[in-house]
Chemist: 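This is the structure I have questions about; it appears just below.
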Amino acid sequence: MSFSTQFSHAITRRPSVSIIRGLRAVDTGTPDLARMLDHHVAYVATLKEAGATVIELPPLDAYPDSVFVEDTALCLPQGAVVMRPGAPSRLGEAAEMAPHLRALYGQVVEITGADSFIEGGDILVTEREILVGRSARTNAAGIAELTRLVAPWGHRVREVITPPGVLHFKTDCSLLDADTILSTKRLSASGCFSGYKVVDVAEGEEAAANTIRFNDLVLMPEGFPKTRDAIAATGFTVREIGNTECAKIDGGMSCLSLRFTPG
Ligand code: CIR
């Protein structure tokens, strides 16, 4: 069974009213909370359709970006690693997530170095390795600490580069199956996916690169028909979910959940 695409559980957190202060690279408008909540309900329902037991956490007003739970932890079959987000306003989100992971996992370890920063959005777990993109949020010290923490669990970390101007490594790619990665051309052109099959995101649809494969379903943002058809043509069952409001604050499908089978 593939631990990188098959999961029993997901953790999500409902967006808070403070979401209007969420971080963004470019201001394209204020997210509409009611609309975002509708999208979030559809997202959680689709995870359940895929077979997930979903742990739905309440909003955290103190952390505008806390709906993006993926950045707080890395969940592996052997245990979970609590991250140290590189965005100062998000640092405290990791400690908020830790007790929920401890309730589910036998082993929970933490990135602790004062100079170590790493966010889950920069981490792509495949069946053979863990790729971590160095970015404005994830630095070499954070990657080195993660490498040390997961080595005893038998995982190998490979450092790659998140393209300049792109928030996270997984903003531009996602795992479709053990050997297949959906990627923007600007990222795959770096050669970081050599040895994998790559499905290209259609020209002009770069925002469709962040999807999630959860058991038999691929969850992707609505509004990217060429990429949807390319994924479906490769044999995957696609579910489209509205993402217009999260997109205003640079969030997508993967950011909205932690996906795992507790170990
Ligand atoms: C941030 O800038 O941190 C949030 N507004 C978006 C985080 C998206 N998370 C992710 O890609 N994993």
Side-chain angles (χ1 to χ4, degrees), residues 10-33 36 39-40 43 47 57 59-75 80-94 96-97 111 117-125 130-139 142-143 146 160-175 181-184 187 201 206-214 219-221 241 243-260:
I11 298 180
T12 60
R13 186 182 290 286
R14 282 162 65 85
S16 144
V17 288
S18 61
I19 193 81
I20 56 171
R21 299 197 306 274
L23 298 172
R24 66 208 77 177
V26 178
D27 198 354
T28 59
T30 305
D32 177 320
L33 179 61
M36 188 185 283
H39 293 162
H40 203 257
Y43 180 83
L47 286 174
L57 303 177
L60 274 180
D61 293 351
Y63 298 103
D65 286 294
S66 56
V67 66
F68 301 121
V69 288
E70 170 175 71
D71 295 316
T72 65
L74 172 65
C75 294
V81 184
V82 180
M83 299 282 109
R84 246 178 83 73
S89 67
R90 303 201 58 194
L91 197 52
E93 291 177 35
E96 294 283 349
M97 183 57 69
I111 304 285
F117 294 102
I118 182 162
E119 297 191 356
D122 278 316
I123 307 178
L124 181 74
V125 177
I130 299 175
L131 289 95
V132 188
R134 214 196 281 195
S135 73
R137 302 284 181 87
T138 293
N139 65 12
I143 299 173
L146 179 72
V160 288
I161 298 293
T162 298
V166 173
L167 174 59
H168 286 130
F169 185 64
K170 273 190 304 197
T171 305
D172 267 30
C173 67
S174 30
L175 190 74
I181 289 171
L182 176 72
S183 177
T184 61
L187 176 56
V201 168
E206 283 70 22
N210 181 267
T211 70
I212 50 172
R213 169 82 191 276
F214 196 108
L219 284 66
M220 71 172 291
I241 296 167
N243 191 56
T244 51
E245 306 316 296
C246 285
K248 290 175 185 166
I249 47 173
D250 305 332
M253 294 293 110
S254 76
C255 326
L256 291 167
S257 61
L258 289 167
R259 302 159 296 278
F260 58 100

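In what follows, residues are counted from 1 in the order of the sequence shown. Each ligand, and each atom within it, is numbered from 1 in the order the structure gives.
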Chemist: Got a salt bridge between Glu70 and Lys170, using NZ or NE/NH1/NH2 to carboxylate O under 4.0 Å?
Modeler: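 Answer for the salt bridge query: yes.
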
Chemist: Can you tell me if Ser18 and Asp61 form a side-chain donor-acceptor pair at under 3.5 Å?
Modeler: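 Ser18 vs Asp61: no donor-acceptor pair found between side chains.
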
Chemist: Pairing donors with acceptors under 3.5 angstrom, does anything connect the side chains of Glu245 and His39?
Modeler: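 Result is no, nothing qualifies.
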
Chemist: Would you mind writing out a table of all protein N or O atoms found under 3.5 Å from any N or O atom of ligand 1, naming both atoms and giving the distance to 0.1 Å?
Modeler:
residue	atom	partner	partner atom	Å
ligand 1	2 (O)	Arg137	NH2	2.9
ligand 1	3 (O)	Arg90	NH1	2.8
ligand 1	3 (O)	Arg137	NH1	2.8
ligand 1	3 (O)	Arg137	NH2	3.4
ligand 1	5 (N)	Leu23	O	2.8
ligand 1	5 (N)	Asp65	OD1	2.8
ligand 1	5 (N)	Ile249	O	2.7
ligand 1	9 (N)	Asp71	OD2	2.8
ligand 1	11 (O)	His168	ND1	2.9
ligand 1	12 (N)	Glu70	OE1	2.9
ligand 1	12 (N)	Asp71	OD1	2.9
ligand 1	12 (N)	Asp71	OD2	3.3

Chemist: Looking only at side-chain N and O atoms, does Arg259 offer a donor or acceptor that is under 3.5 Å from a partner on Ser257?
Modeler: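 Short answer, yes.
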
Chemist: Tell me if the CZ atom of Arg14 is crowded by more than 12 foreign heavy atoms within 6.0 Å.
Modeler: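 No.
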
Chemist: Which atoms form the tightest heavy-atom contact between Met83 and Ala94, and what is the distance?
Modeler: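 Looking at all heavy atoms of both residues, the closest pair is O-CB, 3.3 Å.
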
